[in-house]
Amino acid sequence: MSASNNAGFGRRLRMERERRTITLASISDNTKISQSLLEGLERDDVSRWPSGIFRRSFIRAYAQAIGLDPDVVAKEFLERFPDAADSPVPAETTASTSTVPTRVHRILRPFQPRPNGSHGTVVRLTIAAPAGVFTSGRILEEVKRRWAAAACDMGVVVAIAILLFLVVNEFWRPFAVTALGYYVGGVIILGNTPGVSLFAPASGSVAGATNPIESLIALLKNVRRT
């Protein structure tokens with residue numbers, strides 16, 4: 001550079017640029033570098049400059065734009081404004097990093113079982129099996145009794161619906177209301193439909209009944225008690 005070496009680095013760059021009558025705007029247009037970064041460079045303020053390869057490429061492009069040797073300018077620039085990415089790692093950081101694998105090795109040591117001579121406390125857990133579904137309710141085990149119970153319930157519902165049909169001259173709506181009321185009422189009063197309660201009596205006074213007539217008598221007794 002033609003300027004004195006005692007002047008600041010940015011000031012010498014600006015003097016060289018002005019001597020060649022080159023504007024910062026033209027350099028910014030040609031190099032695609034922000035004009036504010038170039039102005040900061042000429043004031044020795046590179047706090048907003050990027051780091052790494054962009055930092056080197058910017059200063060080389062600026063030096064080439066004003067007609068100076070890019071290698072010489074870039075070398076002096078990095079000496080005056082060293083890149084933080086190129087700063088050496090402190091010795092303390094390196095030492096602490098090297099101790100991490102040793103600590104991890106101590107923590108993640110393999111499990112070693114105790115010798116056979118030392119017996120620890122053995123805990124045994126017993127999980128009770130859940131009870132079967134409907135074990136306390138009324139179940140029809142035979143298929144014939146199931147059909148009989150279904151036929152009984154359906155027959156009662158159809159009979160009531162026919163009687164209502166003779167009164168209101170409509171069948172399906174009374175049939176639906178009767179079926180719903182029959183089922184809900186049977187569950188609330190007997191715990192099941194009357195057909196199931198008749199052919200599969202629950203435990204108690206109905207338990208020993210195998211004849212449907214006897215079951216019906218015991219069923220009526222249960223209804224009176226409720």
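FYI, the numbering just counts along the sequence from 1. Worth saying up front: this structure is predicted, and the values here are computed from it rather than measured.
In the hydrophobic clustering of ILVMFWY residues, with side-chain heavy atoms under 4.5 Å counting as a link, Phe165 and Met154 come out together. A continuous path of hydrophobic side-chain contacts links Leu166 to Phe175 [ILVMFWY only; heavy atoms under 4.5 Å]. Hydrophobic clustering, with ILVMFWY side chains joined whenever heavy atoms are under 4.5 angstrom apart, keeps Val184 apart from Val158. Transitive grouping of hydrophobic side chains (ILVMFWY, heavy atoms separated by less than 4.5 Å) keeps Ile160 and Val167 in distinct clusters.
Taking a 6.0 Å sphere around CZ of Arg20, one finds it holds more than 12 heavy atoms contributed by other residues, nucleotides or ligands.
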- request: Show your reasoning for whether side-chain contact (heavy atoms from CB on, under 4.5 Å) applies to Leu13 and Val73.
  value: CA-CA 9 Å; Leu13 293 178; Val73 176; 4.3 Å; yes
message: Between Val46 and Arg55, is the side-chain contact (heavy atoms from CB on, under 4.5 Å) condition met? List the steps.
response: CA-CA 10 Å; Val46 294; Arg55 191 182 187 90; 3.6 Å; yes
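Using a 4.5 Å heavy-atom cutoff, the side chains of Ile59 and Leu78 are not in contact. Side-chain contact between Val177 and Leu164 is absent, with no heavy atoms from C-beta onward closer than 4.5 Å. Side-chain contact between Tyr62 and Thr31 is absent, with no heavy atoms from C-beta onward closer than 4.5 Å. Two residues are said to be in side-chain contact when any heavy atoms from C-beta on lie closer than 4.5 Å; Ile27 and Thr23 fail this criterion. Using a 4.5 Å heavy-atom threshold, the side chains of Phe171 and Ile162 count as touching.
Without hydrogens or angle criteria, Arg14 side chain to Glu42 main chain gives no donor-acceptor distance under 3.5 Å. Checked by atom type and distance alone, the side chain of Arg17 never pairs as donor or acceptor with a backbone atom of Ile66 at under 3.5 Å. In terms of modelled atom types and a separation under 3.5 Å, the side chain of Asp44 and the main chain of Gly10 share a donor-acceptor contact. One N or O on the side chain of Ser28 and one on the backbone of Ile33 form a donor-acceptor pair closer than 3.5 Å.
From Ser36, atom OG reaches atom CG of Leu41 across 11.5 Å, with rounding to the nearest 0.5 Å. Taking NZ from Lys75 and CG from Asp69, the interatomic distance works out to 11.0 Å, rounded to the nearest 0.5 Å. The structure places CD of Glu79 at 10.0 Å from CZ of Phe9, a figure rounded to the nearest 0.5 Å. Within the model, atoms OG of Ser34 and CG of Leu37 stand 4.5 Å from one another, a figure rounded to the nearest 0.5 Å.
One finds no salt bridge joining Glu16 and Arg12 here, because no Lys/Arg side-chain nitrogen approaches an Asp/Glu carboxylate oxygen to under 4.0 Å. In this structure, Arg60 pairs ionically with Asp71, as a charged nitrogen and a carboxylate oxygen lie closer than 4.0 Å.
Note: Trp49 and Phe77 have tilted aromatic rings, judged against thresholds of 30 and 60 degrees for the angle between ring planes. The aromatic rings of Phe54 and Phe58 sit perpendicular to each other, their planes meeting at more than 60°, with 30° as the lower class boundary.
Looking at every heavy atom in both residues, Val168 comes nearest to Pro174 through CG2-CG, 3.9 Å. The shortest heavy-atom contact between Ser51 and Asp83 is CB-OD1, 3.1 Å.
Under the ring-ring contact (aromatic ring centres under 6.0 Å, His included) criterion, Tyr182 pairs with no residue at all, not counting sequence neighbours.
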